[in-house]
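Heads up: the structure comes next, in structure tokens.
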Amino acid sequence: MTRRVRRRLCKDGGKGKDVVADGEREVVSCSSSSSRRGGLGVVVAAAARGGESCVVDWRTLPDDTVLQLFARLNYRDRAGMAAACRTWRELGSSPCLWSALDLRAHRCDAEVASSLSSRCGSLRRLRLRGHEAAAAASGLRARELREVVADGCRGLTDATLAVLAARHEALESLQIGPDPLERISSDALRQVAFCCSRLRRLRLSGLRDADADAIGALARYCPLLEDVAFLDCGSVDEAAIAGIQSLRFLSVAGCHNLKWATASTSWAQLPSLVAVDVSRTDVSPSAISRLISHSKTLKLICTLNCKSIEEEQAHNPGAFSNSKGKLVLTITSHIFKSVVSLFPGKVVKENEVFNECNWKGKDNALGDMMSWLEWILSQTLLRIAESNPQGMDDFWLQQGADMLLSLVKSSQEDVQERAATTLATFVVIDDESANVDAARSEAVMRVGGIPMLLDLARCSRESAQSEAAKAIANLSVNAKVAKAVADEGGITILTNLARSMNRLVAEEAAGGLWNLSVGEEHKVVTPWMLNTLIAMSDVLLAAIAAAGGIKALVDLILRWPAGTDGVLERAAGALANLAADDKCSMEVAKAGGVHALVMLARSCKLEGVLEQAARALANLAAHGDNNNNNAAVGQEAGALEALVQLTSSQNEGVRQEAAGALWNLSFDDRNREGIAAAGGVEALVSLAQECLNASEGLQERAAGALWGLSVSEANSMAIGQEGGVAPLLTLAQSDVEDVHETAAGALWNLAFYSGNALRIVEEGGVPILVRLCSSSGSKMARFMSALALAYMFDGRMDEVALVGTSSEGSSKSVNVEGARRMALKHIQTFVLTFSDPQVFTTASTSSASAALSQIADAVFIQEAGHLRCSGAEIARFVAMLRNPASILRACAAFALLQFTIPGGRHAVHHAGLLQKAGAARVLRAAAAATTASIEAKVFARIVLRNLEHHQTGTST
């Protein structure tokens with residue numbers, strides 16, 4: 001049973017207090033004089049019997065308590081807390097709070113370093129990112145600095161590294177990677193050796209070279225050096241390493257220019273060497289055998305992803321079995337089981353080998369080796385995941401995923417974060433298409449990885465939060481994992497992280513929400529997709545909205561500057577997916593999403609951001625009559641102009657999404673004219689002309705936008721005059737149904753006006769439409785092609801044909817009469833495909849409605865229910881019912897049947913237009929005409945029945 005918490009208002013001495021009762025105590029927020037004086041007071045009322053209220057002043061808290069509060073805050077919140085009063089400001093500068101500093105998520109230049117220098121007198125551990133930050137580190141004046149961990153330092157130079165070493169002579173650990181230090185040479189390595197005599201650990205990635213002189217300097221001047229890692233280095237003098245007599249742990253992973261005979265012989269003589277890592281190298285089996293045979297102190301050799309070693313083991317499984325107590329780890333070995341052998345005399349479960357409780361405080365040598373092994377594995381697995389070599393599936397599925405999750409629980413922060421990064425990396429098959437390996441993703445889920453990563457995302461370290469959020473985001477591309485993330489409360493966690501003031505954390509959290517909101521089939525909505533959109537889970541979208549995710553994403557766009565493309569693209573992409581849902585689209589608009597997205601479309605210069613912003617606006621505008629977002633987007637200042645300009649972008653994705661947005665927006669009358677006023681007709685005709693060899697998606701949206709604009713007479717005529725007919729006819733010849741169907745719709749609209757109809761004839765459009773009408777696999781394409789042909793040859797084009805459309809005043813040489821005969825023949829063929837002579841004969845002689853209902857159900861084209869005709873178009877079909885050509889009468893009746901059938905989206909609207917036009921009389925005449933075809937008669941009767949149905953529904 002849960003205890004109920006109620007809020008009540010009580011009176012005390014005439015002053016109101018809000019009292020929140022919860023069990024044994026009450027916390028009272030009081031407007032007393034004590035709280036007014038300093039703003040740091042709170043009244044706590046004891047609920048115990050006889051208890052009385054007392055005022056607690058936060059300023060009276062013991063210093064130790066305040067320091068504990070400070071220690072649990074990030075730097076930003078710590079600074080805010082320190083600003084509360086002078087006492088807290090002094091406590092906020094206490095040395096115990098500044099023993100470690102992580103600047104990776106912050107801009108660190110000389111000015112920032114100088115502002116922090118007064119607090120860094122006792123700084124021992126520094127983490128930073130980028131060579132600029134490394135150059136500024138000297139400004140911290142942290143003379144007692146013991147450890148520096150840096151990444152993203154590809155641009156680091158010899159001079160900068162030398163200064164860093166010279167200003168911090170007390171350094172015991174220097175770790176820079178994994179980005180290659182391509183500009184660092186042996187000269188800088190010598191300077192490190194000269195200046196840092198207390199150095200115990202040196203781990204560098206991608207050095208240009210480490211020659212004998214530099215390594216010799218390390219041996220001479222750093223007598224305590226016990227851990228050296230030269231990862232992925234250009235060249236390393238393997239013999240000189242043997243001079244570092246204090247060396248216990250050595251890694252040359254990824255180095256490919258070593259003489260392994262020399263290396264194995266000389267390294268075997270090192271008196272204290274405990275573990276060697278030669279992973280990802282071309283080390284030979286004989287070199288490993290030599291180390292095993294000759295080294296007296298060696299206990300562990302890591303040879304992960306070494307091709308020659310794996311081949312040797314495949315050929316001879318017992319190759320390294322007689323290892324004299326030395327453990328050789330390979331990709332093909334059972335690593336967990338093998339590592340258990342490092343704990344002689346102890347019972348350790350295989351899945352607990354990396355549990356620190358098994359070695360902490362019991363055996364320092366074993367603890368050092370296990371900590372080193374964790375670091376090595378985290379480095380190697382990340383590199384393997386990044387290169388994604390062939391043949392690794394068995395490893396990842398059988399033990400790799402388990403191993404990474406064990407490393408996520410490491411006490412070493414950098415190992416934790418690197419393991420999370422690897423989990424984010426190893427599941428990705430293709431970065432461009434964002435495809436993930438389903439088996440690997442689900443392997444992580446099966447072994448409890450989702451709760452573990454979510455726990456890491458909840459920790460107080462922002463660096464861990466960002467890496468955990470990245471892993472969750474990538475894993476969530478898999479639908480099963482996405483559901484597991486939601487079930488474990490991941491949506492709320494990601495939403496909270498999206499509110500972070502740390503850009504890296506917010507960016508990865510937004511990416512997670514983006515992936516969780518992706519639908520199964522479609523990421524963009526067009527009017528035809530809306531009712532068939534299959535969302536991955538409506539529950540997920542609703543959960544994101546309920547957790548405040550939409551507001552958090554909108555706030556992200558408004559918070560960060562335009563230069564931060566990662567966070568903006570992810571936030572806009574997530575909003576685009578959410579906007580595809582009707583209810584969520586309203587929440588996006590309510591949260592200020594329209595303004596935020598239009599702001600991006602207008603001012604951002606980053607193509608990825610622009611593509612997602614345009615896609616989001618397209619989806620917001622796609623819900624038609626369900627909400628007013630379509631109009632809201634059009635009314636936002638600069639929205640239409642920005643989207644029109646984006647159709648000229650150099651990026652195809654941006655052009656495609658902008659055209660899709662204009663297509664959806666054009667369904668609103670005001671938007672349609674606003675697009676035209678912003679130069680949309682010219683821009684979209686130009687886009688249609690340029691996209692003939694582009695992607696199918698761009699072709700469809702370009703044709704669709706012209707279709708939407710062509711609803712009005714002025715726009716339709718302008719499209720024809722701007723040369724829009726020719727590219728639409730080309731698109732109508734596409735083999736892709738979505739493309740030629742959309743082009744057919746645009747040509748149908750254009751053909752309503754006689755000038756355009758003649759242009760279609762002159763451009764050779766009749767054979768193209770005839771082909772569509774007769775052979776397209778899309779019923780909608782065939783239907784709209786037939787209607788376009790009917791418009792062109794119902795007699796209204798004849799007068800224009802006498803004058804022509806060319807600037808010279810004469811039409812191109814075309815055989816209009818021959819084209820007319822061809823068109824009418826194929827219109828008839830199209831109509832007859834929906835006719836069953838026996839059923840139609842029975843229906844024509846029967847007064848029962850069942851036969852008509854059977855025919856109506858059989859001939860109804862589902863997608864035609866989305867078409868909305870104007871009064872002029874309906875009037876034209878009514879007029880066509882009187883046309884001398886019987887096939888045109890049948891075509892008109894067939895079209896009106898489609899537009900009025902009950903259940904159609906705009907059926908009531910069309911029925912109203914027909915009633916206003918007095919169509920019932922014409923339809924009855926058509927149904928009774930002796931010269932009419934049986935199809936025309938039956939279709940006319942069905943339309944009459946539809947009108948009666950709508951009239952009855954309206955009256956009731």
Side-chain angles (χ1 to χ4, degrees), residues 105 424 434 457 462 465-466 468-470 472-474 476-477 482 485 490-519 523-524 540-541 543-581 584-621 629 633 636 639 642 646 651 653-654 657-658 661:
E462 292 177 332
Q465 290 173 357
S466 65
K470 182 191 299 182
I472 294 165
N474 286 2
S476 296
V477 173
V485 170
I491 288 175
T492 300
I493 293 171
L494 290 172
T495 297
N496 290 334
L497 293 180
R499 299 188 181 103
S500 172
M501 295 302 293
N502 183 309
R503 182 180 61 81
L504 296 177
V505 174
E507 180 177 319
E508 299 302 346
L513 293 173
W514 187 2
N515 286 347
L516 284 168
S517 62
V518 173
K523 293 185 180 180
V524 67
L540 289 182
L541 298 178
I544 293 172
I550 290 174
K551 183 66 166 61
L553 291 165
V554 171
D555 288 346
L556 275 183
I557 294 175
L558 299 175
R559 182 188 310 152
W560 302 106
T564 52
D565 58 326
V567 66
L568 292 177
E569 182 177 0
R570 287 165 173 77
L575 288 173
N577 291 344
L578 288 159
D581 176 80
C584 289
S585 73
M586 291 188 284
E587 291 296 323
V588 171
K590 183 179 178 181
V594 173
H595 171 72
L597 293 164
V598 170
M599 180 190 72
L600 289 181
R602 294 181 63 186
S603 60
C604 189
K605 305 300 180 185
L606 302 163
E607 292 176 344
V609 178
L610 290 172
E611 181 176 350
Q612 297 308 321
R615 187 169 70 89
L617 292 171
N619 286 353
L620 279 172
N629 286 347
V633 173
E636 183 69 28
L646 291 181
N651 182 279
V654 175
E657 301 303 344

Please give me the minimum heavy-atom distance between [X] and [Y], naming the atom from each residue.
X    : Y    : answer
N474 : N515 : N-ND2, 4.0 Å
A591 : I550 : CB-CG2, 4.1 Å
L497 : A469 : CD1-CB, 4.2 Å
A658 : A614 : N-CB, 3.8 Å
A510 : A571 : CB-N, 4.0 Å
L575 : A616 : C-CB, 4.4 Å

[X] versus [Y]: any side-chain heavy-atom pair under 4.5 Å?
X    : Y    : value
L597 : I557 : yes
R559 : R503 : no
W560 : E507 : no
L600 : L610 : no
S517 : I544 : yes
V633 : E636 : no

Between [X] (side chain) and [Y] (backbone), is there a donor-acceptor pair under 3.5 Å?
X    : Y    : value
D581 : L541 : no
N619 : A579 : no
R615 : E611 : no

Point-to-point distance, once rounded to the nearest 0.5 Å, from [atom1] of [X] to [atom2] of [Y]:
X    : Y    : atom1 : atom2 : answer
L513 : L578 : CG    : CG    : 8.0 Å
L553 : L494 : CG    : CG    : 10.0 Å
E657 : Q612 : CD    : CD    : 7.0 Å
S500 : Q465 : OG    : CD    : 6.0 Å
I472 : E508 : CD1   : CD    : 10.5 Å

